[in-house]
Q: 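The structure under discussion is supplied below as structure tokens; questions concerning it will follow.
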There are 2 protein chains.
Amino acid sequence: MAKFKLDEIDHQILDMLIDNTRVPFTDIAKKLVISAGTVHVRVKKMEEAGIIKGSSLTLDYKKLGYSFIAYVGVFLKNTSQTKFVLERINEIPFVTVAHITTGKFNVFCKIRARNTEHAKDVIFMLDDIEGVYRTETMISMEESINDKKRLMHSIFNEM
Amino acid sequence: MAKFKLDEIDHQILDMLIDNTRVPFTDIAKKLVISAGTVHVRVKKMEEAGIIKGSSLTLDYKKLGYSFIAYVGVFLKNTSQTKFVLERINEIPFVTVAHITTGKFNVFCKIRARNTEHAKDVIFMLDDIEGVYRTETMISMEESINDKKRLMHSIFNEM
DNA sequence: GGTGAAAGCACCGAGTT
DNA sequence: AACTCGGTGCTTTCACC
């Protein structure tokens, strides 16, 4: 939970790797005018410190036939059931993220589906969970940003 | 936009790479009992087809001191201003995702911040955008799932 | 904490079946 | 379409600074 101290070189290494994990360390080394060994050691340290949790592929879900995104707010009959309901939600495929929230909804989740029909099936599964009072769906018509690099820069700018 | 045909071997290759992009192709080859060259050719094809859009590092934002997540629903004075407002939102740091939505809100976004105070600054910036009528914030108290691998398996199971 | 070189591998293309 | 194989180049370690 504690803050970890990263210097300018770490920032730049992350900057080059954040949206392309396969950039050779030798390229990074050249650009930063340090040795490839140093890049290696620093990346390893950030991994050990847990700053770098891992790496992942970015797939094009639209091309796979899954272009539907919606957010679903869930109202519970009783907040004491939150944990139970969350566990049931976690079992539903195509629910990609779930949060316990304050504010309007008790639980809030994101789903990705093939189309409206398919999303309906997923939402019905949410509605059918014992303890769920009702749900409210917001369909995404256009996703406009989703940029890790930008967030990272915002963070580094504040350091 | 069109569906792209992936076979069982492609599924397994993606399965191994999706949450660790640095798994050596030789390891994948061993596990699937094919040659490393084949793995290479298949990955390249998926990249060329755009199924694999890229790769990214997963950072631990909590460890960087940014543990606050909230969703903010935005109501507009007039929906004709949607495009303009979205552009302004895209300029605000710490807004990580924004969607145009149907349903309760006109625009819906996710923010990541240091703490409540910091989030307040971000939300004020949203409120201050010309054309924004008001906003509604849902604070995430606990994020429960966020798993690409699970989504991918859900998709493959349906194919 | 950084370097530079050397050893060990992985990547990736060419040629073959 | 997949395999083998070889050249090229990346990663990773280590002795030294």
Side-chain angles (χ1 to χ4, degrees), chain A residues 2-60 63-65 148-149 152-153 155-159, chain B residues 2-60 63-65 148-149 152 155-157 159:
Chain A
K3 269 201 205 184
F4 182 84
K5 187 102 185 64
L6 300 179
D7 65 13
E8 190 54 33
I9 292 175
D10 293 323
H11 289 183
Q12 302 226 46
I13 291 171
L14 290 178
D15 184 51
M16 291 188 74
L17 287 173
I18 189 114
D19 55 10
N20 183 6
T21 61
R22 289 193 173 269
V23 174
F25 289 2
T26 47
D27 284 9
I28 299 175
K30 251 176 267 170
K31 189 152 178 187
L32 304 186
V33 200
I34 54 178
S35 75
T38 302
V39 176
H40 177 241
V41 169
R42 281 173 174 262
V43 169
K44 209 168 166 189
K45 270 188 190 158
M46 290 190 278
E47 280 169 350
E48 276 160 9
I51 298 287
I52 297 175
K53 281 198 286 190
S55 59
S56 71
L57 284 189
T58 310
L59 301 185
D60 190 327
K63 289 217 168 106
L64 290 168
K148 284 187 180 187
K149 194 158 195 160
M152 212 187 60
H153 286 164
I155 291 174
F156 292 164
N157 280 337
E158 286 196 340
M159 284 180 166
Chain B
K3 268 203 208 182
F4 183 84
K5 188 104 185 63
L6 300 179
D7 66 12
E8 189 54 32
I9 292 175
D10 293 323
H11 289 183
Q12 302 226 45
I13 291 171
L14 291 179
D15 184 52
M16 291 190 74
L17 287 173
I18 190 113
D19 55 9
N20 182 6
T21 60
R22 288 192 174 271
V23 174
F25 289 2
T26 47
D27 284 10
I28 298 175
K30 249 176 268 169
K31 190 154 178 187
L32 305 186
V33 200
I34 54 179
S35 77
T38 303
V39 176
H40 176 238
V41 169
R42 281 171 174 265
V43 168
K44 208 170 167 191
K45 270 187 190 160
M46 290 190 278
E47 281 170 351
E48 277 161 8
I51 298 288
I52 298 176
K53 279 198 288 190
S55 59
S56 71
L57 283 189
T58 310
L59 302 185
D60 190 328
K63 289 214 167 110
L64 290 169
K148 283 187 181 187
K149 196 157 192 160
M152 211 187 61
I155 291 174
F156 291 165
N157 280 337
M159 283 180 168

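All chains are named by letter (A, B, ...) in the order of the sequence lines, taking the proteins before the strands, and each is independently numbered beginning at 1. All of these numbers come straight from a predicted model, not from anything done at the bench.
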Q: Is it true that the side chains of B/T58 and A/K53 contain a donor and an acceptor less than 3.5 Å apart?
A: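 There is no such pair between these side chains.
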Q: Going by atom type alone, with no hydrogens or angles, which donor-acceptor pairs under 3.5 Å involve a side-chain atom of residues 42-51 of chain A and a protein atom two or more places apart or on another chain?
A:
residue: A/R42; atom: NH1; partner: A/D7; partner atom: OD1; Å: 2.9
residue: A/R42; atom: NH1; partner: A/D7; partner atom: OD2; Å: 3.1
residue: A/R42; atom: NH1; partner: A/D10; partner atom: OD1; Å: 2.9
residue: A/R42; atom: NH1; partner: A/D10; partner atom: OD2; Å: 3.4
residue: A/R42; atom: NH2; partner: A/D7; partner atom: OD2; Å: 3.1

Q: Quick one: CZ on B/R22 to CG on B/D27, what's the gap to the nearest 0.5 Å?
A: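 Here the rounded value is 14.0 Å.
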Q: Mind listing the residues from residues 42-54 of chain A sitting with a heavy atom below 4.0 Å of DNA chain D? Number order is fine.
A: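 Heavy-atom contacts with DNA chain D come from A/K44.
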Q: Apply side chain to side chain contact (heavy atoms under 4.5 Å, CB included) to A/T21 and list each qualifying residue two or more places apart in sequence or on a separate chain.
A: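 With sequence neighbours excluded, A/T21 shows a side chain to side chain contact (heavy atoms under 4.5 Å, CB included) to A/S55, B/T21, B/S55, B/L57, given in chain and number order.
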Q: Tell me, do B/M159 and B/H11 make a side-chain contact under 4.5 Å, heavy atoms counted?
A: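 Yes, at least one pair of side-chain atoms sits under 4.5 Å.
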Q: Output yes when B/K148 and B/D19 qualify as a salt bridge under the 4.0 Å nitrogen-oxygen rule, no when they do not.
A: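 Not counted as a salt bridge, because no side-chain N and carboxylate O are separated by less than 4.0 Å.
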Q: Under 4.0 Å, heavy atom to any atom of DNA chain C: which of residues 10-26 of chain B qualify?
A: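 Within residues 10-26 of chain B, the residues near DNA chain C are B/P24, B/F25, B/T26.
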Q: Return the minimal non-hydrogen interatomic distance between B/I18 and B/M152, and the atom names on each side.
A: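 Of all heavy-atom pairs spanning B/I18 and B/M152, the closest is CD1-SD, 3.4 Å.
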Q: Could you tell me how the ring of B/H40 sits relative to the ring of B/F25: parallel (under 30°), tilted (30 to 60°) or perpendicular (over 60°)?
A: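 Because their plane-to-plane angle lies in the 30° to 60° range, the rings of B/H40 and B/F25 count as tilted.
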Q: Just the rounded figure in Å: distance from P of D/dC10 to CG of A/D27.
A: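 After rounding, the reported distance stands at 6 Å.
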Q: Counting only non-hydrogen atoms, which of residues 30-39 of chain B are less than 4.0 Å from DNA chain D?
A: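 Within residues 30-39 of chain B, the residues near DNA chain D are B/I34, B/S35, B/T38.
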Q: If the condition is side chain to side chain contact (heavy atoms under 4.5 Å, CB included), which residues does B/M16 pass it with, not counting sequence neighbours?
A: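 Once residues adjacent in sequence are excluded, the partners of B/M16 under the side chain to side chain contact (heavy atoms under 4.5 Å, CB included) criterion are B/V23, B/I28, B/K31.
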Q: Whole angstroms only, please: what is the NE2-C1' distance between A/H40 and D/dT13?
A: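 Nearest whole value for this atom pair: 8 Å.
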Q: State, yes or no, whether a side-chain contact exists between B/L14 and B/L6 at a heavy-atom distance under 4.5 Å.
A: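 They are in contact (side-chain heavy atoms under 4.5 Å apart), so the answer is yes.
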